[in-house]
Amino acid sequence: MNKQYDPASIEPAIQKRWEEVQAFSAIEDPAREKFYCLSMFPYPSGKLHMGHVRNYTIGDVISRYQRMQGRNVLQPMGWDAFGLPAENAAIQNQVPPAKWTYDNIAYMKQQLKSLGFAIDWQRELATCHPAYYKWNQWLFLRMLKKGIAYKKTQVVNWDPVDQTVLANEQVIDGRGWRTGAVVEKREIPGYYLGITRYAEELLADLDKLTGWPERVRTMQTNWIGKSEGVEISFPYADSPSEALMVFTTRADTLMGATYCAVAAEHPLASRAAKGSPELAAFIDECKQGSIMEAELAAQEKKGMPTGFYVTHPLTGEPIEVWVANYVLMSYGEGAVMAVPAHDERDFHFAKQYKLPIRQVIDVQGKPFSTDAWQEWYADKENARCINSGNYNGLNHKAAVDAIATDLAAKGAGGKQIQWRLRDWGVSRQRYWGCPIPIIHCDHCGDVPVPDDQLPVVLPEDCVPDGSGNPLNKRDDFINCKCPGCGKPARRETDTMDTFVDSSWYFARYCSRDNDDAMVDERANYWLPVDQYIGGIEHAILHLLYSRFWNKVMRDLGLINCDEPFDRLLTQGMVLNEIFYRKPEAGRINYFNPAEVEISLDEKGQRRRIMLKADGKPVESGGIGTMSKSKNNGVDPQALIEKYGADTARFFIMFTSPPEQTLEWSNAGVEGAYRFLKRVWALCQENEQHIKTGMKGKTDWTNLTPEEKQARFDIHAILKQANFDIARFQFNTVASGCMKILNVLEDVSARGGESGDQLVCEGTGILLRLLFPISPHISDHLWRELGYGDDLLGASWPEPDAAALVQDEIELVVQVNGKLRGKVLVAADSDKAAIEQKALAEENVRRFTDGKDVKKVIVVPGRLVNIVVS
RNA sequence: GCCGGAGUGGCGGAACUGGUAGACGCGCCGGACUCAAAAUCCGGUUCUGGCGACAGAGUGUGGGUUCGAGUCCCACCUCCGGCACCA
């Protein structure tokens, strides 16, 4: 074998062999336990970034490990290929989005292949391919038939930069989630998916997802936002046939309502504003007000009376209606009943505008005051109603029930559940997406495209120029015949939100080659996904939509499972240091870390940071996510070319646990490379005797004491590594490989026949443990040294129980909890013998002499603690 | 403001159910090889005192439980992520 480790020669050769034998093609086999390992598919943006490398390496380690555990593993890959960046690139370069996308896919696929992932490429899919998005359209039509998909005209969020509509979920702090542009309100017709119909199940099933990170489940729970309360109608004083609708979770405080407040956008506010320019001005001010959270938190509560009155549904009292900036139109009815005594916001508002405060909740022994807010005013647990007529003495739940019943009897309301979740608007005024399969006919209205005319194929030769959807100018696309009456009609030009594409790709991988059905029975073999791996940024949108889509497919009888992803791992982001200069006020130049040199003092502390090009200082901007704008990215391609895929993979696994952020370090990459070179060197030095038949020898009686200890260490490290890999703590698995190598190098240096035998066994363990992380070098050495034909088919190493038996154990001796010495005792020593030996230890006696030994605690196999007065 | 998560050497990070804090790697220091350098190898490396054996301090801060706390409990500080002034 070669003296030098040369990844550039071994890696492509092994990848070629894997491809030739189709090593990773997954075949359904009911007799075998399946394992579906899925990483979130990439958007083909041009080239891989480090986050992809990390994501897919984690998935690959899990896949290869599961395979060696004997499971039938499916690890597919595909492309989330529709989306705006392709249109933006088209505007810039006059290249059709289709060509740009397919070119990117070709390049990135070759990059993925060079990383040696155990992917079944036969199942590759791209969401921009008609064979894929045909089924988006097909399922959309099924939803339309069931009423889950519907059209409505509604005020939508309009992103002025992307010229598109955004779902409520895609608006963050009043800005587009992608562009950051301030969102405008526009009226546009569009299609919606009734995700709210599934709100109850989407919420309840979160409890089943015990393999998901707790914080993702919490985020989804909050997003769905179930709230149980009572809807109450307050009839208008001047027109009792109309009423102000209000939702409250604290119906038990109804008798304490002293005013009502509505949002600035509420119809009642507009109505009142007609007669009052002052009020109209205030409403305008509220509408313009920032919706940035930090500012809202500090914002002063403001309001104005409308001069309008409603009637209290139980007491008949007149109640004044105010417009207040703390009431949100988008939640509930956009109106609240204000109970200043028992709601903190209402309290502060009432104090400011000197509105009446009426206590209706009492906790015994706690005096109520209208001067300052007290926590207990909102207590639901220990509180009882007072000043509430019939409801006096009732607790929270009983009072809510009684009041809801009485309101219902009067036709003035009743119990209601309020959700934060909204239906999912899927229409996009965009070209590069899946066409919505609808035909507009002047005679028949909106007609669904018949199944036998699917897919509605998107023309791939359009070049967007930034002036809206180019499909609107494509007569060959638009003009068609109405499927109903046969007369000329127009095709819908809106396309679907790309979250539709990614909501079911995991199912399509299972039956990718089936052109007659969306999915077939093979999906029920593979689904649900056993392990899903991806970024935390998809914690809400993608994962919630996929769960919804999965349930719709289940209800249509297409698949069996309730939830698509059994376990979820959210990997941390990849960070790197940011360097910059400010050449003049307001300008900032970022420099890639590769262009920067850092000098250190003798303690390893930083002395100076400078640019290699001119030797002049640059500033450090701390650590941040790798990004184009901060110019702190590291190109995976350069890394692979310099060190090979195995080094890149090893470094990424070694440096941080998967869920934590990963800080890039070129020195760390060097360290990983050094380790692999040492593995190579060890195998090279021991090549002869490993090849000449020491494998399989099980007689370990001739080991020297050092070798016996070394064998114990190897198997103990393996035991720990097996525990760690099962809990996805790959950084300590990688360090376990390093520890085993350290032990083997010592044994190898000492030589001897029994030592050679141990090196042979230990190397076999090391190569298998290293295989999921750095598969090329492991596989190459495994075959080169004659361990077997194929490491892929090898079984996972398990520690030998006999190696873990020790004759003598070192125990730590503490005096009053402080470490004072160590003693070597026979493994089968009884407590008395251990105590005696510990008390006799020289250094221990310095701390016990002349003192009373009050107690001796012996923790078997660990330590002795002597307690003295 | 609320809900999660995290604070450990010069750095990334170990320490499974409370039981030797700092594994492993990086960096740095010293040495070997070399005319020299790179690469490689060997030794050292939490801080303080001491030539040393050792001793003292030490896991964000302050308390507590325990023979024993990075780990458990209470209060607080800082950072990161998420969110909804949600009636």
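Numbers restart at 1 for each chain; the letters A, B, ... are given by sequence-line order, proteins then strands. Given the structure is predicted, the values throughout are model-derived calculations rather than measurements.
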Is the closest side-chain donor-acceptor distance between Asp713(A) and Gln709(A) under 3.5 Å? yes
Using only heavy-atom distances, determine whether the side chains of Glu344(A) and Tyr377(A) contain a donor-acceptor pair under 3.5 Å. no
Looking across every strand, which nucleic acid part, if any, lies under 4.0 Å from [X] by heavy atom: base, sugar-phosphate, or nothing?
| X | answer |
| --- | --- |
| Gln220(A) | nothing |
| Arg862(A) | base |
| Phe651(A) | nothing |
| Phe247(A) | base |
| Asp346(A) | nothing |
| Gln814(A) | base |
| Val867(A) | sugar-phosphate |
| Arg820(A) | sugar-phosphate |

Distance below 4.0 Å between [X] side-chain N/O and [N] OP1 or OP2:
| X | N | result |
| --- | --- | --- |
| Lys822(A) | U20(B) | no |
| Gln729(A) | A15(B) | yes |
| Asn222(A) | G82(B) | no |

Determine the interatomic distance between [atom1] on [N] and the same-named atom on [M]; round to the nearest Å.
| N | M | atom1 | result |
| --- | --- | --- | --- |
| C77(B) | G63(B) | C1' | 15 Å |
| U46(B) | U34(B) | C1' | 35 Å |
| U17(B) | G7(B) | P | 14 Å |
| A37(B) | U48(B) | P | 31 Å |
| C11(B) | U66(B) | C1' | 35 Å |

Would you mind calling G10(B) syn or anti? Take O4'-C1'-N9-C4 for purines or O4'-C1'-N1-C2 for pyrimidines, and syn is within 90° of 0. anti
May I have the step-by-step check of side-chain contact (heavy atoms from CB on, under 4.5 Å) for Phe675(A) and Phe654(A), ending in yes or no? CA-CA 11 Å; Phe675(A) 164 70; Phe654(A) 174 70; over 6 Å; no
As a test of reading the structure: which of [options] is closest to the side chain of [X], going by heavy atoms?
| X | options | value |
| --- | --- | --- |
| Lys855(A) | U20(B), C67(B), A15(B) | C67(B) |
| Arg678(A) | C41(B), A87(B), A14(B) | C41(B) |
| Phe654(A) | G12(B), U20(B), C67(B) | G12(B) |
| Ser227(A) | A55(B), G12(B), A87(B) | A87(B) |
| Ser656(A) | A87(B), G13(B), G25(B) | G13(B) |
| Asn843(A) | A87(B), C54(B), C24(B) | C54(B) |
| Arg727(A) | C24(B), A15(B), A14(B) | A15(B) |
| Lys739(A) | A23(B), A39(B), G13(B) | A23(B) |
| Leu819(A) | G25(B), U20(B), G13(B) | U20(B) |

Return the orientation label for the Tyr353(A) and Trp322(A) ring planes: parallel under 30°, perpendicular over 60°, tilted otherwise. tilted
Which word best sums up how the rings of Trp664(A) and Phe651(A) line up, parallel for under 30°, tilted for 30 to 60°, or perpendicular for over 60°? perpendicular
Length of the line joining [X]:[atom1] and [N]:[atom2], which is rounded to integer Å:
| X | N | atom1 | atom2 | value |
| --- | --- | --- | --- | --- |
| Asp746(A) | C42(B) | CG | P | 8 Å |
| Asn325(A) | C85(B) | CG | C1' | 9 Å |
| Asn742(A) | C26(B) | CG | P | 10 Å |
| Glu214(A) | C3(B) | CD | C1' | 11 Å |
| Arg674(A) | C41(B) | CZ | P | 8 Å |
| Ile857(A) | A69(B) | CD1 | P | 12 Å |

When you match Met738(A) and Glu810(A) each to their closest nucleotide on RNA chain B, which lands nearer the 5' end? Glu810(A)
Ranking Pro657(A) and Lys818(A) by the position along RNA chain B of their nearest nucleotide, the one closer to 5' is Pro657(A)
Just to be sure I understand: a Watson-Crick pair is purine N1 to pyrimidine N3 plus N6-O4 or O6-N4, both under 3.5 Å. Using that and G-U wobbles, which stems of three or more pairs involve RNA chain B? B:1-7 with B:77-83, B:10-12 with B:24-26, B:27-32 with B:40-45, B:46-49 with B:54-57, B:60-64 with B:72-76
Can you check whether [X] reaches [Y] side chain to side chain, under 4.5 Å on heavy atoms?
| X | Y | result |
| --- | --- | --- |
| Met653(A) | Ile58(A) | yes |
| Phe847(A) | Lys818(A) | no |
| Met738(A) | Phe650(A) | yes |

Tell me whether the count of non-hydrogen atoms from other residues, nucleotides or ligands lying under 6.0 Å of NZ in Lys351(A) goes above 12. yes
